[in-house]
Amino acid sequence: MGSLAKHSAQPPNKRRRVMASAVPQTATAAPKTAQAVTPAAGGKPAAAGAAKAAAPKPAASKVDENGMWMIVGLGNPGSNYDDTRHNVGFKVIDELASAAGIDCRKLEKSAAVGKGELQGKQVLLVKPVTFMNNSGESVAALAKFYRVPPGRVLVVADDLDQPTAQVRLRQRGGHGGHNGLRSIIDRMGGTQDFPRIKIGIGRPAGPIPIASYVLQPFSKAERPEIDTAVQESIIMIKSVLALGLEKAASGQRI
C-alpha cells in the first residue's frame with residue numbers, strides 16, 4: 001500500500017486553483033555533509049577541487065517530443081481503492097481512455113496498458129498494478145521496451161502539499177515524499193527529468209495518519225471539485241501533446 005512521508009499540521013485549503021510551473025520543486029531531503037577534498041598528485045588546491053564538485057549540473061537535454069508518449073496514472077489496483085485520494089491518477093487515465101476510445105485492459109510489464117492516438121501523437125496509457133510503492137517497476141520496464149525517454153513519460157499523481165483539486169503541471173522535479181514518484185525516479189536510474197501532473201488532495205484536518213488519509217475516499221463535497229480537476233488534467237495532457245511540454249507548462253492550453 002502506498003504512503004506519503006511528509007507531515008504538516010496545516011489544514012488543507014479547500015479553494016481549487018490551477019497552476020502551471022516549469023520550476024523544479026525544492027528538495028526536501030537534508031543536504032549531504034560536505035566531504036573532505038584530497039589534493040590531486042599535481043598539487044591542485046583542495047578549494048579548487050571543492051569548487052569543481054559544487055559546480056551546477058548541466059540542464060537536461062532537449063527531448064524529441066514527436067515519438068510515442070507514455071501517460072502514466074499512479075494508484076493502487078483493486079476495486080476497494082477506486083475512489084480513494086491516492087488513486088486520482090488512475091481516475092485521470094480511466095477518463096482519458098474512455099473519451100479517446102482506448103482499451104486499457106491489456107496487462108503488460110505489470111501494468112494495465114492501452115495504445116492509441118491523441119492530438120496526432122502515439123500514446124501508451126499506463127496504470128501500474130504493482131501497488132503504489134513499486135510503481136517504478138512497470139514504468140521503467142515499459143519505457144525501456146517501447147524506447148520512450150523520460151522526457152516523454154508524463155506521470156499523473158496525487159499531491160498532499162496542494163489544496164484539494166488544485167492541478168499543477170511541472171516539467172521535472174523530485175518525488176516530494178510521494179512513494180510512487182520516488183519508485184519511478186529510482187527505477188529510471190535516478191533521473192528526475194520526466195514531466196508530471198500533480199492533483200492536490202490536501203492534508204488531513206485532524207490527527208489522521210497520512211497512510212490512512214490517502215486511502216480514504218473523497219468526501220461528497222470534494223467530488224465535484226475532483227471531477228473538474230480530472231478534466232483539467234486531461235486538457236493539460238492534450239495540451240502537452242499538441243503544443244509541446246514547454247508551452248503547456250507555461251499555461252498555454254488547446
Side-chain angles (χ1 to χ4, degrees), residues 1-8 12 70-98 102-114 123-143 153-168 173-188 194-204 208-220 222-223 225-227 229-234 237:
M1 230 179 260
S3 62
L4 301 177
K6 297 166 67 178
H7 296 267
S8 170
M70 278 176 52
I71 314 298
V72 181
L74 299 188
N76 288 308
S79 58
N80 51 320
Y81 297 111
D82 281 350
D83 295 320
T84 60
R85 299 173 187 277
H86 228 10
N87 271 41
V88 70
F90 272 16
K91 189 173 180 64
V92 170
I93 297 298
D94 289 341
E95 292 290 330
L96 181 59
S98 177
I102 299 175
D103 187 347
C104 285
R105 292 177 293 180
K106 180 182 178 181
L107 287 177
E108 188 174 358
K109 307 292 185 184
S110 300
V113 304
V123 297
L124 184 72
L125 305 185
V126 178
K127 296 195 305 180
V129 295
T130 53
F131 285 96
M132 182 67 81
N133 290 6
N134 297 313
S135 300
E137 292 181 13
S138 59
V139 174
L142 286 166
V153 177
L154 176 56
V155 179
V156 186
D158 58 293
D159 187 10
L160 276 167
D161 290 328
Q162 293 178 192
T164 300
Q166 181 187 83
V167 185
R168 172 183 264 179
H175 56 72
H178 191 289
N179 286 336
L181 293 175
R182 188 198 309 270
S183 176
I184 292 173
I185 290 170
D186 288 346
R187 289 287 182 160
M188 293 183 74
F194 58 90
R196 68 286 308 269
I197 291 174
K198 304 175 90 171
I199 302 175
I201 61 172
R203 283 185 175 271
I208 304 172
I210 295 298
S212 299
Y213 174 73
V214 298
L215 297 181
Q216 289 181 349
F218 289 103
S219 69
K220 185 176 180 179
E222 291 171 323
R223 286 174 187 168
E225 288 188 325
I226 290 298
D227 289 343
V230 167
Q231 295 306 313
E232 288 168 349
S233 299
I234 290 174
I237 292 169

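What's counted below: heavy atoms across the whole structure, side chains too, no hydrogens, waters or symmetry copies.
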Under 4.5 Å between any side-chain heavy atoms of [X] and [Y], yes or no?
X	Y	answer
Ile102	Val123	yes
Asn76	Phe90	no
Phe194	Val139	no
Arg168	Asp159	no
Arg203	Ile210	yes

Identify whether the distance between the nearest side-chain nitrogen and carboxylate oxygen of Lys91 and Asp82 falls below 4.0 Å.
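Salt bridge: no.
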
Salt-bridge test for Lys127 and Asp94: reply yes if a basic N is under 4.0 Å from a carboxylate O, no otherwise.
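Counted as a salt bridge, because a side-chain N and a carboxylate O are separated by less than 4.0 Å.
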
Supply the atom-to-atom distance [X] [atom1] to [Y] [atom2], rounded to the nearest 0.5 angstrom.
X	Y	atom1	atom2	result
Ile199	Asp158	CD1	CG	8.5 Å
Asn179	Asp186	CG	CG	10.0 Å
Gln231	Ile226	CD	CD1	12.0 Å

Parallel, tilted or perpendicular: rings of Phe131 and Tyr81 (30°, 60°):
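Judged by the thresholds at 30° and 60°, the geometry between Tyr81 and Phe131 is perpendicular.
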
Is a side-chain N or O of [X] found less than 3.5 angstrom from the main chain of [Y], in a donor-acceptor match?
X	Y	answer
Glu95	Ile234	no
Ser135	Met132	yes
Arg196	Gly174	yes
Thr84	Leu215	no

Closest contact, heavy atoms only, [X] versus [Y]:
X	Y	result
Ala111	Leu142	CB-CD1, 3.9 Å
Gly202	Leu160	O-CD2, 3.1 Å
His178	Ala157	NE2-CB, 3.9 Å
Arg85	Ser219	NH2-N, 4.3 Å
Cys104	Leu125	SG-CB, 3.7 Å
Pro128	Leu74	CG-CD2, 4.3 Å

Val92 and Ile197: side-chain contact (heavy atoms from CB on, under 4.5 Å), yes or no, with the steps?
CA-CA 10 Å; Val92 170; Ile197 291 174; over 6 Å; no

